[in-house]
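Worksheet for the structure shown next.
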2 protein chains.
Amino acid sequence: MAASILIVEDEESILELIAINLHQAGFNPIRSLSAEFAEKIIQKNLPDLIILDWMLPGMDGVEFAKRIRGSSTTRKIPIIMLTAKSEEDNKLKGLNIGADDYMTKPFSPKELIARIKAILRRNAPELVNEPINMNGLELDPIKYVLTNNDKIISIGPTEFKLLNFFMSNPNIAFSRNQILDKVWGNKSDIDDRTVDVHIKRLRDTLKHTGQHSLIKTVRGLGYRLEKIENS
Amino acid sequence: MAASILIVEDEESILELIAINLHQAGFNPIRSLSAEFAEKIIQKNLPDLIILDWMLPGMDGVEFAKRIRGSSTTRKIPIIMLTAKSEEDNKLKGLNIGADDYMTKPFSPKELIARIKAILRRNAPELVNEPINMNGLELDPIKYVLTNNDKIISIGPTEFKLLNFFMSNPNIAFSRNQILDKVWGNKSDIDDRTVDVHIKRLRDTLKHTGQHSLIKTVRGLGYRLEKIENS
DNA sequence: TTGCTGGTGTCATATTTTTGTCATAAAAAT
DNA sequence: ATTTTTATGACAAAAATATGACACCAGCAA
């Protein structure tokens with residue numbers, strides 16, 4: 001569930017500093033000291049975001065970013081560029097290459113986390129790992145707990161992920177295949193209709209909380225969580 | 001069980017002052033007059049926290065901090081930096097390097113203790129060494145004693161540490177590996193499933209106290225101590 | 001030494017929960 | 001009324017956890 005974040009940075013102390021902070025923020029950091037090694041990592045499993053140093057020995061950050069953007073499997077992965085102050089004029093260039101954001105060294109880890117969350121919130125809110133609250137129902141991805149008015153509700157792993165996904169993306173309708181991709185992972189060769197069954201199970205566990213009608217069926221398409229705006 | 005705290009400070013009177021105060025607060029202080037010596041100590045056994053003077057003869061505090069952060073075995077250890085007033089502008093730099101907190105000399109020992117506890121509470125509340133009380137069950141880390149309604153309960157060392165960890169982190173679910181790291185220490189190459197066995201043993205000893213269902217299984221993840229909120 | 005004793009980690013086996021699929025019922029659309 | 005789509009209950013396979021047994025180790029007393 002935790003978002004995996006690939007850090008490509010040749011200075012080890014900075015690499016570690018970032019990694020620790022990401023870990024504490026509930027992310028899953030993957031370390032790489034070079035672009036070349038990073039490429040190998042990516043071939044095995046795709047990170048949800050990449051933090052990339054501008055200057056690297058061997059293949060530099062710019063070149064690496066270009067390659068990320070050039071491949072269809074990796075094109076969508078957000079990139080945050082790190083640059084030293086003296087290279088600040090490269091900012092524009094970096095953004096042109098396709099970085100989603102950039103930060104100037106030295107930076108505070110806190111700010112980095114904030115930017116990461118901002119980007120993830122845009123692309124995959126269910127990975128941000130923040131507690132979500134809706135009308136007395138609270139889901140905390142880090143504590144791995146679901147409560148209704150502070151009462152813990154027992155819920156299975158898949159249902160938990162499913163609910164996390166829906167609560168992170170309220171009022172948006174998803175097809176069964178989208179849901180499979182996001183909740184089960186894109187590796188799955190699972191039948192569409194399995195989603196129906198899990199929706200049913202999720203509805204059942206929510207029934208006891210009086211939140212039964214939270215997840216609506218969108219006929220012909222899939223499902224949607226309907227969030228009641230608190231006026 | 002007492003948290004071991006490494007103090008790296010070249011001025012001997014200050015070093016002693018800190019050490020004595022830490023000892024009185026129930027911690028286990030380890031003294032070092034130089035970064036070089038501190039490194040040797042760390043190789044033998046990892047402290048739970050490091051108090052580090054900014055200015056040191058030989059390798060200075062900044063360099064030392066970088067090395068701490070650069071090694072995978074030590075990177076998680078929190079660091080508190082000590083700086084003289086005149087060096088205060090280094091604050092930001094220090095935080096960037098990866099210090100978790102910093103203090104300006106002169107400081108009151110009381111405040112230092114408070115900051116240490118704050119950091120430990122954040123990272124490893126089970127090391128703070130304060131008695132924990134839950135629904136008649138009281139665990140005292142310093143006296144090393146567990147009582148239920150003032151009746152002493154016999155409990156083995158590992159189970160005690162395990163319970164201490166859970167009581168210090170109520171309502172949060174942990175994976176078996178997290179538990180291994182925190183309770184057994186991160187050096188361990190122990191099988192995941194061993195945790196299950198100890199959980200069982202802990203549950204058994206708690207059974208006699210009528211607190212059997214304190215520790216819940218979180219399927220697919222690990223375990224959680226479920227604290228009933230006293231309204 | 002020798003023989004206890006309590007505490008540990010590992011393993012094999014039992015038990016429980018979760019999960020994906022399918023057949024059928026129910027509902028909605030045409 | 002017919003067709004299409006979704007809901008539901010049942011079920012078996014798979015995955016995860018609980019449990020009991022056992023061997024090993026350290027400390028200790030005889």
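Lettering follows sequence order; numbering is per chain, from 1. Excluded from the calculations below are hydrogen atoms, water molecules and symmetry mates; all remaining heavy atoms, backbone and side chain alike, are included.
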Query raised in the report: With a 3.5 Å cut-off and just heavy-atom distances, do the side chain of A:Arg219 and the base of D:dT5 make a donor-acceptor pair?
Result: yes
Query raised in the report: OP1 or OP2 of C:dT8 sitting under 4.0 Å from any side-chain N/O of B:Thr158?
Result: yes
Report summary line: Quick note, A:Asp196 side chain, CB onward, closest among D:dT17, C:dC11, D:dT8 is D:dT8
Query raised in the report: Of the candidate nucleotides C:dT21, D:dT17, D:dG20, which contains the atom at the shortest distance from the side chain of B:Thr217?
Result: D:dT17
Requested in this report: Ignoring the backbone of A:Lys200, work out which of D:dG9, C:dT18, D:dT19 is nearest its side chain.
Outcome: D:dG9
Requested in this report: Considering just the side-chain nitrogens and oxygens of A:Trp184, establish if one lies under 4.0 Å of OP1 or OP2 belonging to C:dT19.
Outcome: no
Query raised in the report: Backbone N or O of A:Glu11 within a donor-acceptor pair of the A:Glu9 side chain at under 3.5 Å?
Result: yes
Query raised in the report: What about B:Arg201: does its side chain form a donor-acceptor pair under 3.5 Å with the base of C:dG9?
Result: yes
Query raised in the report: Can we say B:Lys200 and B:Asp204 salt-bridge, meaning some charged N sits less than 4.0 Å from an Asp/Glu carboxylate O?
Result: yes
Query raised in the report: So, A:Lys161 and A:Glu126, do they make that salt bridge, N to O below 4.0 Å?
Result: no
Query raised in the report: Any donor and acceptor pair, going by atom type alone, linking the side chain of A:Arg69 with main-chain N or O of A:Ile77 inside 3.5 Å?
Result: yes
Query raised in the report: What's the NZ-P distance between B:Lys216 and D:dA18, to the nearest Å?
Result: 12 Å
Query - 5'-most by nearest nucleotide on DNA chain C - A:Ser154 or A:Val197 - result: A:Ser154
Query raised in the report: Considering heavy-atom distances to DNA chain C, does A:Asp192 or B:Gly156 have its closest nucleotide positioned more toward the 5' end?
Result: B:Gly156
Requested in this report: Check whether any side-chain N or O of A:Thr194 sits under 4.0 Å from OP1 or OP2 of C:dT21, and answer yes or no.
Outcome: yes
Query raised in the report: In whole angstrom, what separates A:Ile199's CD1 from D:dT8's P?
Result: 11 Å
Query raised in the report: In whole angstrom, what separates B:Leu221's CG from C:dT18's P?
Result: 13 Å
Query raised in the report: From the list D:dA18, C:dT10, D:dT6, which nucleotide is the closest neighbour of the side chain of B:Asp191?
Result: C:dT10
Requested in this report: Test A:Glu226 against A:Asn171 for side-chain hydrogen bond (donor to acceptor under 3.5 Å, both in side chains), laying out the working first.
Outcome: CA-CA 5 Å; A:Glu226 195 167 301; A:Asn171 294 328; over 6 Å; no
Requested in this report: Can you tell me the distance, in whole Å, between the CD1 atom of B:Ile155 and the C1' atom of C:dG7?
Outcome: 12 Å
Requested in this report: Would you indicate, yes or no, if C:dT21 has its OP1 or OP2 atom less than 4.0 angstrom from a side-chain nitrogen or oxygen of A:Arg193?
Outcome: no
Report summary line: Among D:dA7, C:dG9, D:dA18, the one nearest any side-chain atom of A:Tyr223 is D:dA7
